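Here the structure is laid out as structure tokens; the discussion comes afterwards.
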4 protein chains.
Amino acid sequence: MARTVTGGGESGTAAVPERLLAEATRLFAERGYDRTSVQEIVEAAGVTKGALYHYFGSKDDLLHEIYGRVLRLQTERLDAIAARDTPVPERLAEAASDVVVTSIQNLDDTKIFFRSIHQLSPEKQKAVRAERRRYHEKFRSLIEEGQAAGHFRADLRPDLVVDFFFGSVHHLGTWYHADGPLSAHEVAGEFSDLLLHSVRRP
Amino acid sequence: MARTVTGGGESGTAAVPERLLAEATRLFAERGYDRTSVQEIVEAAGVTKGALYHYFGSKDDLLHEIYGRVLRLQTERLDAIAARDTPVPERLAEAASDVVVTSIQNLDDTKIFFRSIHQLSPEKQKAVRAERRRYHEKFRSLIEEGQAAGHFRADLRPDLVVDFFFGSVHHLGTWYHADGPLSAHEVAGEFSDLLLHSVRRP
Amino acid sequence: MARTVTGGGESGTAAVPERLLAEATRLFAERGYDRTSVQEIVEAAGVTKGALYHYFGSKDDLLHEIYGRVLRLQTERLDAIAARDTPVPERLAEAASDVVVTSIQNLDDTKIFFRSIHQLSPEKQKAVRAERRRYHEKFRSLIEEGQAAGHFRADLRPDLVVDFFFGSVHHLGTWYHADGPLSAHEVAGEFSDLLLHSVRRP
Amino acid sequence: MARTVTGGGESGTAAVPERLLAEATRLFAERGYDRTSVQEIVEAAGVTKGALYHYFGSKDDLLHEIYGRVLRLQTERLDAIAARDTPVPERLAEAASDVVVTSIQNLDDTKIFFRSIHQLSPEKQKAVRAERRRYHEKFRSLIEEGQAAGHFRADLRPDLVVDFFFGSVHHLGTWYHADGPLSAHEVAGEFSDLLLHSVRRP
DNA sequence: AATGAATGAGAGTTCATTCAT
DNA sequence: TATGAATGAACTCTCATTCAT
């Protein structure tokens, strides 16, 4: 969709659309979608408004692209983990751990995701929610599989468990700091552990 | 429910500031703080802008008032529960259940809280975060008490557990619907159960 | 027009209209008529808006009152000086000196006078300008008298001399400070001296 | 007179920023800075608000630009006159005469200068006052030079003389009318003559 | 004599977007 | 591929004034 470099690969001069997306991500996470002006984005990216509107149809489109990127990434990873040939509890633990790690590694996207979705146009919101639902359904089916196999408590509502866990994941952006005492993997380990303990048969 | 300051008195003619707060809450939850104009709020409340600015210093002040209300309510309830004379696991379960129920009963406030805090002025944001922190600390001390008493797993980081659980609570606004299949108490029961299972000694 | 004290003469409690005029004068001089709100005036005077509108028909009226006060004062003093039985050059010198002294003693009024006259309603502006013109004419007639008597240069246009001199007087408010190196009388002496030298026959 | 930035070129289609400055000058002089709305300015210039804010950061900026223009003009002219190789009294007379002529030729700027400086933001006010002070100092040094050379009375305070004279100059805007009986040069001649007589050794 | 809630009009400013070049 | 001038609508907030009490 957008070329990788301009000119011929000079260091530090990523292609214009990439630079725009990167700066938009940073600014949206920092001060919110509505509080970030198109002017600020283009200034940060070192181009003019015309350039932005050459590559993106609207400010809204930028946000949609950011969503697309993170959703694609997480869906791919979940698919890979779910398809493994290991016991369900292990796959659930890995899936949980993995989504925490990638959420932290892309903390700006995580922040934007759950703060700004309402600022997308209705149609785009619908598309994003549908993709998100598919992701949740894949995660939920791991829980259902574990219940069917007798690993997890049968009295739990799998959809509620998913909402419970992803609430925690989405919330990461509001408290996690890269320079805090915890590494991404430490948080991931503990969150995964809490989830497994909460669903496992005693 | 709302004090009648001027004339009136019949239901439906609540005092102007109360009406403004109620409509602002509804609109902020519905379309977000930045997407709600002062004009829309005063129209919904049936007054003019001048009236709003007679009672509130700024749009920002309205949001702050809304936060204050819900924080006061939840803090009071948590204090009451924590002070009970029952075993810690029971108190934690009740605190967890209660915060879910009141979050659902005030779902508009919950939605606003989670989404709009970044749109407060820096000073007000600081004040709100400080109050929120005190609330979390009180909740955390229940977990610490349970660990000390040998009820809960000692290897857990209490602060991480709090962030884990309140992520789930704050997230309620993004998926819960009053006309869905689950009552507030059903969700509360399951969330509380998940939390307790995740922290209890096996 | 307005009583002098309320209650019975307690110190520091001047009557409401006087207090309003005094605070309005101070504020208009400090930040200009348009930049001073009625709210600020009533707060400074320790009353409410209703009280102000009880005594004055409009914000405009306050300004008109302030003008009236200073015009009356200066007209009275000029009349007294002009009527004296001394040689014209002496009377002109005293009139010039006196208007400088009273302008400095009422520096707030002086500042307001030449900055805010355009903010009066057209009718009030007309009235004030007419009074001011009468004052200038009286001053001018001193110069004409001096020319007729052979004291002053006959080739000067008396009206231009008046505008020349009163420009200097009106300008006092922009540079004179009570805590500066010059007393009101020192400035008055020098201004008067400059005027007399500029008109006298060599 | 005004550079044509976009298209156009024919007289009457001056560039947008020039047109905005011209109309703003006219309107500020006519009804004062605070009483002139941005809406009125853009309507007079035949553009929209967006265009104004494309070129000027604020209404305040417009005023600052107007000040800058007139200060630059007068400073240049005074520098040229002061640098001449003629006797000091002649140079002072010419400087005085020149500032009167240019003040009358730019009477709108003169009116604005005198009345609206207090409505500039504090920082801009400081900048303008500093420039004005440099101008006054240059003028004052002419007087000091004349005193040192024995042309002017030694007992006069040069700074007071400057304030005396520039009061008269700034005041021109309040009484001079182009369609009145006096030409700019007639006024300039008389003002200059009055100044010289007031300072010269008898 | 005085209150203060409420009005309604208008203020300056911001902003996403368009389009001729 | 990219510019940047210009639009037009909407924004938050301020204010002098009124009026029932």
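Every chain is numbered from 1, with letters handed out A, B, ... down the list of sequences. The shown structure was predicted, so the numbers you read here are calculated from the model rather than taken from an experiment.
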Original post:
If each of C:Thr36 and D:Val47 is mapped to the nucleotide of DNA chain F with the nearest heavy atom, which maps nearer the 5' terminus, i.e. the 5' end?
Top reply: D:Val47
Original post:
Pick the nucleotide of DNA chain E nearest each of D:Gly50 and B:Gly46; which residue has the one closer to the 5' end?
Top reply: B:Gly46
Original post:
Between A:Arg35 and C:Thr48, which is nearer to the 5' end of DNA chain E once each is assigned its nearest nucleotide?
Top reply: C:Thr48
Subject >> Among F:dT17, F:dT3, E:dT13, the nucleotide that comes nearest once only the side chain of D:Ser58 is considered >> reply: E:dT13
Original post:
How would DNA chain F look in dot-bracket form, 5' to 3', counting Watson-Crick and G-U wobble pairs with both distances under 3.5 Å and writing | for bases paired to another strand?
Top reply: .||||||||||||||||||||
**OP:** In whole angstrom, give the distance that lies between atom CG of B:Leu52 and atom P of F:dC11.
**Re:** 14 Å
**OP:** Please report, rounded to the nearest Å, how far the P atom of E:dG10 is from the CG atom of D:Asp34.
**Re:** 17 Å
Subject >> ring pair (Phe, Tyr, Trp, His ring centres under 6.0 Å) involving B:Phe113 - partner list, sequence neighbours excluded >> reply: B:Tyr67
Subject >> Nearest to side-chain heavy atoms of D:Val16, which nucleotide of E:dT3, F:dA6, E:dA6 >> reply: F:dA6
Original post:
Hey, are C:Arg26 and C:Asp108 close enough for a salt bridge, meaning a charged N less than 4.0 Å from a carboxylate O?
Top reply: no
Original post:
Over how many whole Å does the gap from B:Ile41 atom CD1 to F:dT12 atom P extend?
Top reply: 8 Å
Subject >> N-O pairing of D:Glu131 and D:Arg72 below 4.0 Å >> reply: no
Original post:
Sequence neighbours excluded, which residues qualify as ring pair (Phe, Tyr, Trp, His ring centres under 6.0 Å) partners of C:Phe114?
Top reply: C:His170
Original post:
According to a strict under-4.0 Å criterion, is D:Tyr53 in side-chain N/O contact with OP1 or OP2 of E:dT13?
Top reply: yes
Original post:
In whole angstrom, what separates D:Lys49's NZ from F:dA5's P?
Top reply: 21 Å
Subject >> Which nucleotide in F:dA16, F:dT12, F:dA2 has an atom nearest any side-chain atom of C:Ser37 >> reply: F:dA16
**OP:** Just do the side-chain hydrogen bond (donor to acceptor under 3.5 Å, both in side chains) check on C:Arg115 and D:His118 with the steps written out, would you?
**Re:** CA-CA 9 Å; C:Arg115 250 177 237 161; D:His118 305 88; 2.9 Å; yes
**OP:** Take atom OH of B:Tyr33 and atom P of F:dC11, then tell me their distance rounded to the nearest Å.
**Re:** 13 Å
Subject >> From A:Glu30 atom CD to A:Thr36 atom OG1, the distance as rounded to the nearest 0.5 Å >> reply: 7.5 Å
Subject >> Rounded interatomic separation in angstrom, taking NZ from B:Lys59 and P from F:dA10 >> reply: 15 Å
**OP:** Find the distance A:Leu27:CG to E:dA16:P and express it as a whole number of Å.
**Re:** 12 Å
**OP:** Considering just the side-chain nitrogens and oxygens of C:Tyr55, establish if one lies under 4.0 Å of OP1 or OP2 belonging to E:dA2.
**Re:** yes
**OP:** Look at C:His54 and E:dA1 and indicate whether a side-chain polar atom (N or O) is within less than 4.0 Å of OP1 or OP2.
**Re:** yes
Original post:
D:Glu43 has an atom CD; how far is it from atom P of E:dG12, in whole Å?
Top reply: 12 Å
Subject >> Gap between atom CG of C:Asp60 and atom NZ of C:Lys124 - 0.5 Å precision >> reply: 3.5 Å
